[in-house]
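Have a look at the structure below, then the notes.
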Amino acid sequence: MTSSQPYRLRLPGPTPVPEQVRQAISQPVVNHRGPEFRAMYEQVQRLAKPIFGTESQIIALACSGTGAMEAALVNVLCPGERVLVAINGQFSERFAAIARALGAEVDVIEVPWGRAVDAADIENRVSKTHYRAVVVVHNESSTAITTPLEPIGALLRDRETIFVVDSVSGLAGTEIRQDEWGADIVVTASQKALMCPPGAALVSISEKARKLIALELRFPRFYFDFRKALASSEKFETPFTAPVTLVAGLKAALEMIHTEGLPAVLKRHGRLSSALRAGCVAIGLPAFGDRAAQSATVVAVEVPQNLNGADIVRLLYERHRTVIAGARNNRLTGKIIRFGTMGHIHEADILTDLEHLEDVLAALGHSFRRGNGVAAADAMLQNS
Ligand code: PLP
């Protein structure tokens with residue numbers, strides 16, 4: 001590695017921050033209760049709605065995605081209430097851990113990692129037990145698997161149960177139609193397909209969820225009390241000091257998404273992730289998990305048996321300053337590597353990823369035909 005090589009942030013979040021967003025966040029900080037901030041927050045709410053696919057209110061929180069996950073639970077659950085969490089990876093596991101830490105009664109559906117959550121499994125549980133909330137991770141970043149939300153939302157729409165969705169790594173790179181699909185609370189974070197630095201979360205809240213949130217008896221809540229956030233957001237303010245610069249960044253990022261056009265943005269994510277996967281397969285690294293449920297925003301591929309994923313991750317950085325992720329859990333550590341394909345990325349990024357990956361695999365003694373990965377990805381890009 002030489003210091004002249006560009007630092008290539010190719011993680012499944014945080015993701016590269018485009019120049020327009022960097023400029024927006026470098027502007028002077030404005031009064032968080034003044035007209036300049038209110039105009040920005042209004043725009044963020046307005047521009048985010050079509051991306052969530054909702055007419056409901058969207059609030060910004062000063063926290064990472066995990067804070068928004070916890071915030072969702074403290075506002076809908078109260079001690080002793082039962083929640084069902086479908087676990088198909090590390091982030092859904094985290095959601096269950098948060099619910100347990102709060103003191104909720106937590107039931108889980110264990111889904112094999114690498115598969116999407118099956119609505120039939122949810123139906124089976126909710127038909128027997130009353131749950132206050134069902135929690136699903138839309139896009140499991142740890143396994144690069146996307147779960148179809150629509151059939152789960154359809155099951156819960158006419159029940160009292162609230163459908164809580166983590167789309168931290170899905171939203172803005174994977175289609176989501178919150179209102180049509182019956183999701184009640186959707187949480188996302190700034191540092192993924194929304195192309196901003198980490199530190200802000202957006203949460204959209206349905207009317208059905210608002211009724212529950214309004215109840216006095218929920219888990220103890222103060223900073224994350226959605227009642228306060230919803231009331232303030234009517235005036236385009238936040239109850240406590242807003243992350244002003246991140247809201248400025250979100251506004252710029254959302255404007256970029258609207259300029260490109262949401263359908264084009266989603267299509268770009270699909271094309272690039274498919275091309276990267278095809279390139280990896282061509283050099284002997286098969287895509288991890290169920291073919292039918294592969295994510296458009298994260299690519300996870302299996303590491304050849306004689307290699308360790310950690311060595312690939314390390315050498316990509318040491319030789320090329322290309323920063324990708326391995327797995328940070330007992331089940332998959334060393335066995336898969338993961339690339340982000342979300343946010344501000346383009347064809348050249350994918351082809352460079354493969355060039356660097358081929359170099360590192362060759363250095364580690366993996367046997368494959370040099371150039372095949374780049375060629376397979378290139379061919380897919382030409383034909384899609
Ligand atoms: N959920 C998913 C699907 C994620 O990918 C992440 C982060 O990678 C989180 C939740 C947690 O978000 P954060 O790291 O911003 O707290």
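Excluded from the calculations below are hydrogen atoms, water molecules and symmetry mates; all remaining heavy atoms, backbone and side chain alike, are included. Atoms within each ligand, like the ligands themselves, are counted from 1 in listed order.
- When non-hydrogen atoms are compared, ligand 1 lies under 4.0 Å from the side chain of R94 (C-beta onward) but not from its backbone.
- Close contacts between ligand 1 and G65 involve ligand atoms 12 (O), 13 (P), 15 (O), 16 (O) [criterion: under 4.0 Å to a heavy atom].
- Regarding atom 14 (O) of ligand 1, its nearest protein heavy-atom neighbour is Q191 NE2, 3.9 Å.
- Among all non-hydrogen protein atoms, the one lying nearest atom 10 (C) of ligand 1 is D166 OD2, 3.3 Å.
- Look at E42 and R38 and you find no salt bridge, because none of the NZ, NE, NH1 or NH2 atoms lies under 4.0 Å from a carboxylate O.
- For atom 6 (C) of ligand 1, the nearest protein heavy atom (residue, atom name, distance) is F91 CE2, 3.3 Å.
- The distance from ligand 1 to the heavy atoms of S64 drops below 4.0 Å at these ligand atoms: 13 (P), 15 (O), 16 (O).
- Applying the ring-ring contact (aromatic ring centres under 6.0 Å, His included) rule to pairs touching residues 84-115 yields nothing, sequence neighbours excluded.
- Taking 4.0 Å as the cut-off between side-chain N and carboxylate O, R218 and D225 do not count as a salt-bridged pair.
- Here the heavy atom of the protein found nearest to atom 8 (O) of ligand 1 is K192 NZ, 2.5 Å.
- None of L156, V83, L84 except one satisfies the side chain to side chain contact (heavy atoms under 4.5 Å, CB included) rule with T161; the exception is L156.
- Residues passing the side chain to side chain donor-acceptor pair (under 3.5 Å) test with R46 are Q43, sequence neighbours excluded.
- Near M69, meaning under 4.0 Å from any of its heavy atoms, are these atoms of ligand 1: 10 (C).
- Salt bridge present: E175 and R177 bring a charged side-chain N and a carboxylate O closer than 4.0 Å.
- Set against the non-hydrogen atoms of N139, the atoms of ligand 1 under 4.0 Å away are 3 (C).
- Listed by number with element, the atoms of ligand 1 under 4.0 angstrom from any heavy atom of S141 are 2 (C), 3 (C), 4 (C), 5 (O).
- A cation-pi arrangement is present between K228 and F222, with the terminal nitrogen or guanidinium carbon under 6.0 Å from the aromatic centre and inside a 45° cone about the axis.
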